[in-house]
Amino acid sequence: MIKIAEMANGIKILTEHIPHVRSVAVGVWVDVGSRDEGEQQAGISHFIEHLMFKGTGRRSAKDIAEELDAVGGQLNAFTTKEYTCYYARVLDEHFPLAVDLLSDMLLNSRFDQSDIDRERNVIIEEIKMYEDTPDELVHDIFARAIWSEHPLGRPIIGSEQTVGGLSRDNLLAFYNKYYSSGNIVIAVAGNLDQQQVVESFTAMFGQLGGDKKNRLYTVPKSYHQVVCRPKDTEQVHICLGTPGLPIDHDKIYVFQIVSTVLGGGLSSRLFQEIREQRGLVYSVYSYHSSYHDSGLFCVYAGLSKKNVRDALELIVKEIRDIEKNGVTQAELARVKEQLKGNLLLSLENVNSRMSRLGKSQLYLEQVIPPDEIVKKIMAVTVEDIKELTRDILKPENFCIASIGPWEDGGKLLDLVTK
């Protein structure tokens with residue numbers, strides 16, 4: 001059962017008691033991400049996330065690394081375009097330690113200049129590593145191609161130039177602006193006592209002040225173009241896609257079904273046709289990312305240069321077929337069961353349950369019960385899919401991005417749009 005409590009300072013605490021497990025997942029969610037950064041600040045949210053692990057007045061960076069390790073727990077964090085999450089998973093008996101550690105990190109980190117200088121170098125190395133991972137980098141190239149200079153089109157990690165230019169004053173000003181009670185949600189799932197959770201976090205975060213920083217959303221303008229980045233790699237990595245739907249759109253489950261039919265798993269059209277039947281790729285899949293006011297639909301393929309045209313023709317063929325003819329009743333029934341199974345199986349993991357609480361509260365200010373989500377998935381019809389795909393999968397909406405030994409993308413935009 002999910003319960004919600006609210007501190008006097010506005011921080012909401014969401015708990016879900018799961019009595020049959022021995023662990024607890026704890027997450028502190030901060031409503032800030034790379035979308036909130038100015039152009040010269042790019043990467044600052046991710047930089048601050050790193051600095052939370054570098055030491056407090058009571059703990060060194062080594063202490064932070066060792067304390068949960070010593071009791072078999074896990075501690076980590078991640079930054080996205082619209083939020084940052086710090087989380088821990090421990091045995092239920094070590095819940096107080098997880099609360100104390102996360103609270104200490106988020107409220108008392110030192111931002112020591114030597115740590116900042118050292119971590120700046122670490123992040124620059126991370127950027128270089130990312131540049132050497134073309135199957136990941138191409139998704140950032142695609143976001144930039146379709147959204148250009150909009151903040152949603154920028155890499156979360158920033159660039160060597162922007163990260164290199166961030167001072168301690170810049171970091172502290174950004175931290176003080178966004179790490180406020182109005183911007184924080186706490187989510188806890190597992191074998192817990194709700195009263196203990198509320199009392200523990202209130203003792204730590206109860207004195208934190210500050211208002212919620214409401215974003216002035218600017219819906220990104222989308223561009224119809226091809227961007228090819230030459231690189232001496234064995235494969236060409238390609239993303240092809242369109243703008244998608246915001247997370248609260250009433251057709252979001254319709255589009256999830258479309259994406260899953262196309263490239264969501266081993267039984268999807270693209271995997272079966274392009275890999276299993278033709279052997280043109282090792283990896284091909286599709287996904288849909290949703291944000292507060294926009295979304296992104298993408299098909300990815302990694303393949304040899306000689307196979308690019310044939311593979312793209314097949315991808316476009318399948319997209320066009322869904323746009324014109326929708327899906328079959330058999331496909332629809334299969335994918336509904338696939339999505340239902342994915343959702344319900346994820347509920348057996350306390351980290352997944354905690355993440356569902358935190359993300360839902362940040363985006364929707366409510367947690368939709370799993371049974372209600374399943375009901376909405378099961379209610380999708382073939383006609384719903386036809387209507388939606390006619391609007392979204394229009395030729396003039398498509399964009400292509402690639403990285404690798406291939407520069408003929410301009411010729412293939414006609415293939416996508418004809």
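Scope of the values below: all heavy atoms of this structure, side chains included, with no hydrogens, waters or symmetry mates.
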Is it the case that Thr381 and Asp384 place a side-chain donor and acceptor less than 3.5 Å from each other?
yes
Presence of salt bridge, Glu93 and Arg22, under 4.0 angstrom
yes
Look at Glu16 together with Lys3 and state whether they make a salt bridge at an N to O cut-off of under 4.0 Å.
no
Side chains of Phe53 and Leu75: closer than 4.5 Å at any heavy-atom pair?
yes
May I ask you to decide if Leu172's main-chain N or O and Asn176's side chain share a donor-acceptor pair within less than 3.5 Å?
yes
For residues Glu125 and Asn121, is any side-chain donor paired with an opposing acceptor at under 3.5 Å?
no
Got a donor-acceptor contact below 3.5 angstrom from the Arg120 side chain to the Leu166 backbone?
yes
Flag for Thr84-Glu49: side-chain donor and acceptor within less than 3.5 Å:
no
Between Asp100 and Arg59, does any side-chain N to carboxylate O distance fall below 4.0 Å?
yes
Does this structure show an ion pair linking Arg269 with Glu331, if we count only N-O contacts that are shorter than 4.0 Å?
yes
Does the pair Glu313/Lys317 count as a salt bridge with the N-to-O cut at 4.0 Å?
no
How many angstroms lie between CG in Leu362 and CD1 in Ile184, if you round to the nearest 0.5 Å?
10.5 Å
I'd like to know if Lys251 pairs up with Asp391 as an ion pair, taking the criterion as any Lys NZ or Arg NE/NH1/NH2 lying under 4.0 Å from an Asp or Glu carboxylate oxygen.
no
Check whether more than 12 heavy atoms from other residues, nucleotides or ligands sit under 6.0 Å from atom NZ of Lys336, and answer yes or no.
yes
Does the side chain of Val26 come within less than 4.5 Å of Val197's, by heavy atoms?
no
Quick one: does His139's side chain have a donor or acceptor within less than 3.5 Å of a partner on Asp135's backbone?
yes
Checking side-chain polar atoms at under 3.5 Å, does Ser45 have a donor or acceptor matched by the opposite partner on Ser34?
no
Could you tell me whether Asp115 and Arg110 make a salt bridge, using a distance below 4.0 angstrom between a side-chain N and a carboxylate O?
yes
Begin with the C-alpha distance, continue with both residues' side-chain angles, and end with the deciding distance and a verdict on ring pair (Phe, Tyr, Trp, His ring centres under 6.0 Å) for Phe111 and Tyr175.
CA-CA 10 Å; Phe111 287 83; Tyr175 168 83; 5.3 Å; yes
Is the side chain of Lys81 donor-acceptor paired with the backbone N or O of Arg154 at a distance under 3.5 Å, no angle test?
yes
For the side chain of His224 and the backbone of Phe398, is there at least one donor-acceptor N/O pair under 3.5 Å apart?
yes
Would you say CD of Glu276 has more than 12 non-hydrogen atoms from neighbouring residues, nucleotides or ligands within 6.0 angstrom?
yes
Could you check whether Glu131 pairs with Lys231 (Lys NZ or Arg NE/NH1/NH2 to Asp/Glu carboxylate O, under 4.0 Å)?
no
Does any N or O in the side chain of Ser286 come within less than 3.5 Å of the main-chain N or O of Gly263, such that one atom is a donor and the other an acceptor?
yes
Would you check if there is a donor-acceptor pair between the side chains of Asp112 and Ser114 at a distance under 3.5 Å?
yes
Presence of salt bridge, Glu372 and Lys375, under 4.0 angstrom:
no
